[in-house]
Amino acid sequence: MFGQEFEKTVDEIVARYPQPRAALLPVLWEIQRHKGWIDGECERWAGERLGVSPAHVHGVVTFYTMYKQRPTGKYHIQLCTTLSCMLRGSDDLLEHLEEKLGIDVGETTPDGKFSLQRAECLGSCGTAPMFQLNDDYHEDLTLEKVDQLLDSLP
Amino acid sequence: MEKILTRNIHKENSPSIEVYEAGGGYQAYRKAIPSMGPDEVTEQVKKSGLRGRGGAGFPCGLKWSFMPKEKNKPHYLLVNADESEPGTFKDRLLMELDPHLVIEGSMLSAYAIRADVCYIYIRGEFVRPAEVMNRAIAEAYAKGYAGRNICGSDWSCELVVHRGAGAYICGEETALMTSLEGDRGYPRNKPPFPAQSGFFGCPTTINNVETLSCVSFIIERGADWFLTIGPDEKNSGPKLYCLSGHVKRPGVYEGPMGLPLMELIHELGGGMLREDRPLKAVIPGGSSVPVLRAEECEVNLDFDSLMKAGSALGSAGIMVMDSSTCMVNALHRIAYFYDHESCGQCTPCRQGTGWMRRILERIENGQGRTEDIDLLKNVADNIEGNTICALGDAAAWPVQSFVKKFRDEFQAHVDAGKCTVLSNA
């Protein structure tokens with residue numbers, strides 16, 4: 001799956017653990033990096049490679065919030081709305097994002113550019129409000145900063 | 001107080017091993033290995049009074065001493081970098097800005113417990129901190145601080161970053177092990193304790209990032225020096241305080257264990273965000289611990305002082321709320337979190353967290369009934385103590401304390417059928 005380079009990376013990951021099954025989380029990360037999300041075929045492949053059942057893999061994929069079971073937008077926004085962010089205005093930010101992007105939480109814009117999620121505490125409470133855009137944190141946000149950032153994305 | 005844990009973070013290129021070593025880094029490590037035996041390291045840490053900074057405050061050296069001295073199986077150190085307790089953001093700072101401090105402390109601890117592998121379990125969202133840690137680990141390997149025959153000794157230990165994938169529960173130490181084994185992060189009953197039967201049934205110790213970051217200083221300067229910081233031998237050492245919410249300058253502040261809460265808010269944090277909105281409440285140890293009313297905030301931030309005040313230091317996530325905060329709304333947000341994060345294994349927690357969230361939703365939407373207030377407490381009381389791990393307690397404590405301390409506000413919400421705080425703000 002995904003070619004020789006990928007298989008080699010998986011072998012390296014597996015070697016870090018006393019049992020292959022422990023490599024499941026990092027292998028799923030690797031699959032998601034290649035494909036963008038994880039489908040049933042990927043789950044079966046990972047199970048076979050690591051010696052666990054596809055049901056076990058599916059259980060893991062659905063337990064953790066960061067494994068995507070369907071494609072998301074090119075820019076995936078996860079807005080933290082837990083207490084510290086709420087106290088600093090994350091609800092206004094959420095409303096603004098929904099309005100600006102024309103989508104609700106859990107949806108993707110029709111052009112596939114943006115998707116929006118509510119996230120639980122992202123460990124950035126001192127720089128609230130904030131969101132994670134793909135891999136990066138954007139902190140101390142204001143409505144203006146959000147506009148500037150989103151408008152600048154290709 | 002002299003900056004200890006944060007002494008490097010403002011230096012240019014602070015994550016690099018050159019900067020870390022130029023500031024005296026890895027001297028403790030080279031001092032200890034191999035001339036100090038593993039048990040001597042443990043003894044020093046025991047003597048220092050260092051208690052876990054992740055939330056439970058368990059004595060660190062004592063935890064290590066539970067590890068078997070004879071090796072029949074591989075030993076593991078798991079570094080808990082799954083920082084997810086709402087209001088907590090100190091471990092991220094250490095990993096991003098001083099990764100070698102984390103590595104040196106972790107490897108000293110790994111030496112003390114005779115570990116063969118040290119896994120650093122970093123929450124999945126911390127993509128950049130994990131990258132910084134991985135670069136630092138490569139530097140440490142190149143210097144011979146990890147891998148085979150460390151510092152010319154006969155001790156070998158691998159150092160590996162393992163990324164989580166989004167689950168608060170994995171910060172619970174047994175759930176972290178289950179997750180590291182490639183499973184859903186389900187906590188396990190104790191006993192057996194991880195030191196007896198941990199990661200894949202092998203002796204295992206799990207410690208928080210900040211806890212481990214204290215260790216190199218204890219070895220370098222001695223347990224007696226560590227004990228001079230903080231009020232007493234059970235509350236010792238430097239501490240990172242995470243200040244968030246309605247203050248002018250939120251952020252991570254280092255101080256001695258036992259820093260007065262009001263000093264943190266008013267001096268370090270610059271005071272309340274708005275002059276016209278006085279302090280209403282503080283959650284002093286991450287969202288899991290009981291809330292303090294403004295008049296209860298003349299308290300020192302250490303394990304025993306906060307316990308005496310009916311709360312806990314927890315992870316030192318200090319969340320400050322001013323007079324504009326609706327306590328129903330705030331508690332609803334907290335309850336939403338625990339409902340979302342319950343792993344679903346124990347019925348009282350799986351069901352109870354959902355019930356509490358829905359009752360709070362009802363009160364917040366103006367459909368609350370007077371009996372709902374007691375019902376909330378009743379549900380919380382029936383979760384507390386009835387689950388495998390502490391997530392159940394963590395979900396119950398805020399509900400119990402909010403309802404007890406701000407009952408009038410919950411009643412007013414029910415009576416008016418709407419929020420009486422936000423509409424007056």
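Labels below follow one simple rule: chain letters A, B, ... track the order of the sequence lines, proteins then strands, and each chain is numbered from 1.
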Can you tell which part of L243(B) gets under 4.5 Å to a heavy atom of chain A, answering side chain, backbone, both or neither?
backbone
Nearest-0.5 Å distance, OG of residue S84(A) to CD1 of residue I318(B)
10.5 Å
Can a side-chain donor-acceptor contact be found between Y64(A) and S179(B) if the only test is distance below 3.5 angstrom?
yes
Identify which part of F200(B) has an atom lying under 4.5 Å from any heavy atom of chain A, answering side chain, backbone, both or neither.
side chain
Side chain, backbone, both or neither: which part of V252(B) has an atom under 4.5 Å from a heavy atom of chain A?
neither
To the nearest 0.5 Å, atom CZ of F63(A) lies from atom OG1 of T178(B) at 9.0 Å
For chain A, which of K90(B), R163(B), E85(B) has the most heavy-atom pairs under 4.5 Å?
R163(B)
Quick one: OG1 on T65(A) to CD on E125(B), what's the gap to the nearest 0.5 Å?
5.5 Å
Are there residues of residues 26-40 of chain A that reach to under 4.5 Å of chain B by heavy atoms, and which ones?
P26(A), W29(A)
Residue from L25(A), I13(A), T82(A) scoring the most non-hydrogen pairs under 4.5 Å with chain B is L25(A)
Is there side-chain contact between E120(A) and Y168(B), with at least one heavy-atom pair below 4.5 Å?
no
Enclosure of E7(A) CD (heavy-atom neighbours >12, cutoff 6.0 Å)
yes
Would you say the side chain of P18(A) lies within less than 4.5 Å of the side chain of Y76(B), judging by non-hydrogen atoms?
yes
If you count heavy-atom pairs under 4.5 Å with chain A, which of L273(B), I334(B), T325(B) comes out on top?
L273(B)
Pick one of side chain, backbone, both or neither for R123(B), based on which atoms fall under 4.5 Å of a heavy atom in chain A.
side chain
Do the non-hydrogen side-chain atoms of S124(A) and F89(B) ever get within less than 4.5 Å of each other?
no
In terms of heavy-atom contacts, does CD of E48(A) have more than 12 from other residues, nucleotides or ligands at under 6.0 Å?
no
Can you confirm whether or not the ring centre of Y17(A) sits under 6.0 Å from the ring centre of Y119(B)?
yes
Residue by residue, scan residues 132-154 of chain A and write down, ordered by number, those that have a heavy-atom distance under 4.5 Å to chain B; if none do, write 'none'.
Q132(A), D135(A), D136(A), Y137(A), E139(A)
Heavy-atom check, side chain of Q19(A) versus side chain of F199(B), under 4.5 Å:
no
List the residues meeting side-chain contact (heavy atoms from CB on, under 4.5 Å) with V52(A), not counting sequence neighbours, and say none if there are none.
R21(A), H56(A), V57(A)
Any donor-acceptor pair under 3.5 Å from H246(B) side chain to L87(A) backbone:
yes
Counting heavy-atom pairs closer than 4.5 Å to chain A, which one of E341(B), R184(B), H332(B), E83(B) comes out on top?
R184(B)
Pairs of heavy atoms under 4.5 Å with chain A: top-ranked of R128(B), E158(B), M319(B):
R128(B)
Side chains of L83(A) and I283(B): closer than 4.5 Å at any heavy-atom pair?
yes
To the nearest 0.5 Å, tell me how far H340(B) NE2 sits from R118(A) CZ.
8.5 Å
I'd like to know whether E181(B) forms a side chain to side chain contact (heavy atoms under 4.5 Å, CB included) with L24(A), so could you lay out the CA-CA distance, the side-chain angles of the two residues, the decisive distance to 0.1 Å, and finally the verdict.
CA-CA 8 Å; E181(B) 290 174 5; L24(A) 182 53; over 6 Å; no
Tell me, for S84(B) versus chain A, whether the close heavy atoms (under 4.5 Å) come from the side chain, the backbone, both or neither.
backbone
With a 4.5 angstrom heavy-atom cut-off, which part of C343(B) approaches chain A: side chain, backbone, both or neither?
both
Greater than 12 external heavy atoms within 6.0 Å of E95(A)'s CD
no
Between V61(A), L122(A), T62(A), who has the most heavy-atom pairs with chain B when the cutoff is under 4.5 Å?
L122(A)
For C121(A) and P86(B), the nearest pair of non-hydrogen atoms, with its separation, is SG-CA, 3.5 Å
Which atoms of R92(B) are under 4.5 Å from chain A, going by heavy atoms: the side chain, the backbone, both sets, or neither?
side chain
How would you list all residue pairs meeting salt bridge (Lys or Arg N to Asp or Glu O under 4.0 Å) that involve residues 77-93 of chain A, not counting sequence neighbours?
D91(A)-R333(B)
